[in-house]
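Note that the structure is predicted; figures quoted are calculated from it, not measured. Because only heavy atoms are used, hydrogens play no part in the values below, and waters and symmetry mates are left out as well, while side chains stay in.
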Amino acid sequence: MNPALMIASTTVMGGVVAWATGGDFLQGAMQGMTIGLFNHAMHDDPPSISTQQEDQNLQNMLPEVVVTAKRISVGTLITKIVYAGTLVNKYRSQGTHTMYYGDKQVFSCNAVSGASNCKSYTIPDGDWYVVSISNRSEPRFTSNGVGFTANIDPDPFYDSHAGRNRQYIRIHPARSNGTNGCIGLRANKAQLIRARDLIRNSLNKKLTIKLHVQIGG
């Protein structure tokens, strides 16, 4: 496009756009003309041989960098889990398993821990950290077709209530009304998938997930 036609077209387009968006046609046209004039002044003169060579050398020296910005979605990540339960009997508790991102609640479902005998005490009060998660297919870690175990640290630890060391304390789907000391999620398939993915996504993002357990009598 020759310079005169380029300036004329930017002038007209500036006015039309201003008018179409509720602005002043003349003011928009003046702005369009200014843009056209500056564009002509900056790009119309052909670069010299030396300038072209310098530009080419500069492009070859600069690595290609692609920058993308992703907003962390609070609805897909967690930083804290709270299991708040009450004792049903000496060995078993039931309550809720709630996930938070900071102070914002992201997920909640029913949960149980322990069983009806001394080999399966409820997880005791305390604070732990969720450190890893794995897919599982064993029946005791699977419910509604979803199987996983989220491992807790520190593990093992001494459980004064049970009077013995406890090992392999995890969060996983509850197959029945109790678990062997773990936190069992009593939820439908969609809820279990969401709980699993919230933990996995957060660990993949290198977030620290704190687990707080509070059992009432």
Side-chain angles (χ1 to χ4, degrees), residues 76-204 207-217:
T76 61
L77 299 173
I78 58 169
T79 55
K80 182 175 64 174
I81 299 173
V82 175
Y83 172 59
T86 57
L87 288 174
V88 177
N89 55 46
K90 183 178 178 180
Y91 312 107
R92 182 166 70 92
S93 68
Q94 65 181 22
T96 56
H97 169 99
T98 309
M99 297 180 172
Y100 299 85
Y101 185 88
D103 294 327
K104 181 178 176 61
Q105 181 176 316
V106 178
F107 174 88
S108 185
C109 71
N110 294 328
V112 293
S113 182
S116 58
N117 60 75
C118 60
K119 294 182 179 179
S120 302
Y121 275 103
T122 179
I123 185 172
D125 289 344
D127 292 301
W128 291 269
Y129 292 93
V130 182
V131 294
S132 63
I133 187 169
S134 302
N135 290 329
R136 304 296 291 266
S137 58
E138 300 93 324
R140 65 183 182 276
F141 301 132
T142 304
S143 178
N144 295 319
V146 182
F148 65 87
T149 54
N151 299 320
I152 308 302
D153 180 69
D155 180 18
F157 66 94
Y158 183 77
D159 181 356
S160 58
H161 182 68
R164 57 185 171 85
N165 280 331
R166 297 284 292 274
Q167 291 182 305
Y168 306 118
I169 304 305
R170 307 179 176 107
I171 300 170
H172 60 79
R175 184 181 56 163
S176 61
N177 289 333
T179 68
N180 188 13
C182 299
I183 298 174
L185 307 186
R186 301 184 65 186
N188 60 40
K189 183 174 183 178
Q191 289 176 314
L192 291 174
I193 291 173
R194 177 158 168 74
R196 178 199 65 192
D197 291 348
L198 283 167
I199 296 173
R200 178 172 293 152
N201 292 343
S202 302
L203 292 175
N204 287 341
L207 295 179
T208 298
I209 305 175
K210 183 177 181 179
L211 168 67
H212 176 69
V213 176
Q214 182 177 347
I215 306 296

Verdict with supporting geometry, R136 and T149, side chain to side chain donor-acceptor pair (under 3.5 Å): CA-CA 7 Å; R136 304 296 291 266; T149 54; 3.2 Å; yes

Closest contact, heavy atoms only, N89 versus A115: OD1-O, 3.5 Å

Residue pair R196 / N201, side-chain donor-acceptor N/O under 3.5 Å: no

Note, L203 side chain near R200 side chain (heavy atom, < 4.5 Å): no

Interatomic distance, I78 atom CD1 to F107 atom CZ [nearest 0.5 angstrom]: 9.5 Å

Donor-acceptor contact present, side-chain T179 to main-chain S113, <3.5 Å: no

Those residues that, when tested against Y91, pass ring pair (Phe, Tyr, Trp, His ring centres under 6.0 Å) (two or more places apart): Y121

Pairwise distance CG(L198) to CD1(I193) - rounded to 0.5 angstrom: 12.0 Å

Crowding at CD, Q105 (>12 non-hydrogen neighbours, <6.0 Å): yes

Side chains of F148 and S134 in contact at under 4.5 Å (non-hydrogen atoms): no

Close side-chain approach of I123 and W128, heavy atoms under 4.5 Å: yes

Closest contact, heavy atoms only, R186 versus A174: CG-CB, 3.9 Å

Whether over 12 other heavy atoms sit under 6.0 Å from D103 CG: no

Result of checking V82, I183, V131, D153 against L211 for side chain to side chain contact (heavy atoms under 4.5 Å, CB included): I183

S143 side chain reached by L192 side chain, heavy atoms, under 4.5 Å: yes

Candidate pair Q214 and T86, rule side chain to side chain contact (heavy atoms under 4.5 Å, CB included), full reasoning: CA-CA 8 Å; Q214 182 177 347; T86 57; over 6 Å; no

Pair R175-N144, side chain to side chain donor-acceptor pair (under 3.5 Å): steps then yes or no: CA-CA 9 Å; R175 184 181 56 163; N144 295 319; over 6 Å; no

No-hydrogen, no-angle side-chain donor-acceptor test under 3.5 Å, Y83 and T98: no

Backbone of N110 reached by a side-chain donor or acceptor of T96 within 3.5 Å: no

Sole residue of L207, I81, T208 in side chain to side chain contact (heavy atoms under 4.5 Å, CB included) with S202: L207

Student check: side-chain heavy atoms of T122 and L87 closer than 4.5 Å: yes

Partner residues of H172 under the ring pair (Phe, Tyr, Trp, His ring centres under 6.0 Å) criterion, sequence neighbours left out: F141

Heavy-atom side-chain proximity of L185 to H97 below 4.5 angstrom: yes

Partners meeting side-chain contact (heavy atoms from CB on, under 4.5 Å) with D127 (sequence neighbours left out): K210, H212

